[in-house]
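Naming: A, B, ... by sequence-line order, numbering from 1 per chain. Values in this document were obtained by computation on a predicted structure and should not be read as measured data.
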2 protein chains.
Amino acid sequence: MKISKLKPIETLTQVDKIEQSLQDYLESANLQPGDALPKEVELAQALGVSRTAIREALSRFRTLGIIESRKNRGMLIASPDPLVNFERVMSPKLLNDDTLRDMFELRLVLEVGNCELVFKRKTAADIEYLESIVDKEEHTAQSPKNSAILIKYDIDFHSGLYKISGNDTLIRFQKMLMPVFMYSFKKFHPDPKQSILNHEVSHRDLLNTLKKGTVDDFRSKMKKHLRNYYDKIS
Amino acid sequence: MKISKLKPIETLTQVDKIEQSLQDYLESANLQPGDALPKEVELAQALGVSRTAIREALSRFRTLGIIESRKNRGMLIASPDPLVNFERVMSPKLLNDDTLRDMFELRLVLEVGNCELVFKRKTAADIEYLESIVDKEEHTAQSPKNSAILIKYDIDFHSGLYKISGNDTLIRFQKMLMPVFMYSFKKFHPDPKQSILNHEVSHRDLLNTLKKGTVDDFRSKMKKHLRNYYDKIS
DNA sequence: TATTTTAATATGTCGTACATTTTTATTTAA
DNA sequence: TTAAATAAAAATGTACGACATATTAAAATA
């Protein structure tokens, strides 16, 4: 047998086992948001463990947003916000290189895939908003001195596109992916000539296509806009 | 002032505050994965709280994968897997309707955006694998009786496309999004005529385009393949 | 010097106690 | 009898102390 087939010895702590039991219970009980949970002492007795251990297991579900507890009253099933925990761990410094690369690509995937939604939902006000950003951007001279503000406009523009999608989850994704994206670009391609602001298709071009072109034009231009990045993935 | 501007009174529990303090500490200390953390008692003393409370706050970070603790030895900074918590809460029954809709759209975004990666990385073996699925699929008669197995092939085919992307994060995303996608489609559009297997562009068409067409052809066909779903979003 | 034994250490688990606030039950007053 | 006031019960949050256990470091021994 290959050594890779060897699974690490189970060193499950008791709380880990309790967590499993609770997970099974929650699933089998077919509970839905708002439903009450048994009291801590009841659970502890049912599983034959201390309240301390039960509380730590419950704390995990609480952290994940699966349950909610109201002081002095009891616990109930919650409707978790799937992104909130994602956001908390999205720190570039903590993520390993593989994940960083994945996130880099993921942003590109989202950016292109989002084009459909943008075209489906764009309004005159949206265009106007983007235009105001591009105006300001063009008004800012392209000197290294201004790169920070230009990067801000860059982020604003792309964030604006996501806002048009109207998909809150997508918007939040973009928001948490962006810093990771920037970080990994600089980390893996520190070539100073490859500025993150150097695009063969400008935001102005994109905006004009958004106004007058088709969704296919727009997506195509977006891909060219992101060419610097696409070239980096193999 | 609008009532919506009113923020709920802060009813932060002590552990919440401890969590905040720890978060600040972790950030300011500029720790990286593998670095050791102070002992529980030290933290408790530094913050002037009991070990119980500290442990609960630490447990949250442990749940998120930000820290890791080795029994009898100490705690250290970990490299969190950002998706693992996401996966844990991705239960259709728990998510609210807005989130369900967002996830539905997100799958479409990913599916279209992934086309680029697929074309960039497809190999002969990948094509062969997809072909084997499509063969089996076509061999299965289109009767309600076989819908379960056909759905399985459908999932296999699309999963296969994500596998080609080589992006593990993306693959896992697809995997956790798929059940939510199916669930919300049935929930919001229970029309039995709108089968999830009824596509004007078949998997065979997609496969042939993947073999002989361009990435633009492929994406275009993918959009048509998903037309049933795209029509559902407004 | 090398090996064995001992001691110190840090997290995991347990039990008990109490604070606090909500809910329920009881008592009191009109 | 009904309504208000009061008391009791209930449940989570927090604290403290204790011990188990396995690792690591230190000390003792051959």
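- When rounded to the nearest whole Å, the span between CD of B:Glu40 and C1' of C:dT13 equals 12 Å.
- If you take NZ of B:Lys39 and P of C:dG12, they are 13 Å apart, rounded to a whole angstrom.
- An OP1 or OP2 oxygen of C:dG12 is reached within less than 4.0 angstrom by a side-chain nitrogen or oxygen of B:Ser69.
- Geometrically, A:Arg88 engages B:Phe61 in a cation-pi contact, judged by NZ or CZ lying under 6.0 Å from the ring centre and within 45° of the ring axis.
- For the pair A:Ile54 CD1 and C:dG12 P, the computed distance is 17 Å after rounding to whole Å.
- Comparing A:Gly74 and A:Thr52 along DNA chain D, the residue whose closest nucleotide (by nearest heavy atom) sits nearer the 5' end is A:Gly74.
- With rounding to whole Å, A:Leu12 atom CG is found 11 Å from C:dT13 atom P.
- Between atom CG of residue A:Asn85 and atom OG1 of residue B:Thr63 there is a gap of 9.0 Å, rounded to the nearest 0.5 Å.
- When distances are taken from the side chain of A:Gln14 to each of C:dT11, D:dA15, C:dT13, the shortest belongs to C:dT13.
- Atom P of nucleotide C:dT23 and atom CZ of A:Arg70 are separated by 9 Å, given to the nearest angstrom.
- No contact: B:Val41 has no heavy atom under 4.0 Å from any strand.
- OP1 or OP2 of C:dG15 has not a single side-chain nitrogen or oxygen of A:Arg51 nearer than 4.0 Å.
- The listed nucleotides are C:dA10, C:dT13, C:dT21; the one nearest the side chain of A:Asn72 is C:dT21.
- Side-chain nitrogen and oxygen atoms of B:Arg73 include none within less than 4.0 Å of the OP1 or OP2 phosphate oxygen of C:dT9.
- The nearest whole Å value for the distance from the CG atom in B:Leu76 to the P atom in D:dT23 is 15 Å.
- A salt bridge is defined here as a Lys NZ or Arg NE, NH1 or NH2 lying under 4.0 Å from an Asp or Glu carboxylate O, and B:Arg60 with B:Asp16 meets this definition.
- Relative to the side chain of A:Lys71, the nucleotides C:dC14, D:dC16, D:dT12 differ in distance, and D:dT12 lies closest.
- Geometrically, A:Lys122 engages A:Phe119 in a cation-pi contact, judged by NZ or CZ lying under 6.0 Å from the ring centre and within 45° of the ring axis.
- Distance, B:Glu68 CD to C:dA10 C1': 16 Å, rounded to whole Å.
- Note on B:Arg55: every side-chain N or O is 4.0 Å or more away from OP1 and OP2 of D:dG13.
- Distance, A:Glu56 CD to D:dG13 C1': 15 Å, rounded to whole Å.
- Picking from C:dT11, D:dT12, D:dA15 the nucleotide with the shortest atom distance to the side chain of A:Met75 gives D:dT12.
- Considering only side-chain N and O atoms, A:Thr13 lies under 4.0 angstrom from the phosphate OP1 or OP2 of C:dT13.
- Under the 30°/60° scheme for interplanar angles, the aromatic rings of B:Phe86 and B:Phe173 are found to stand perpendicular.
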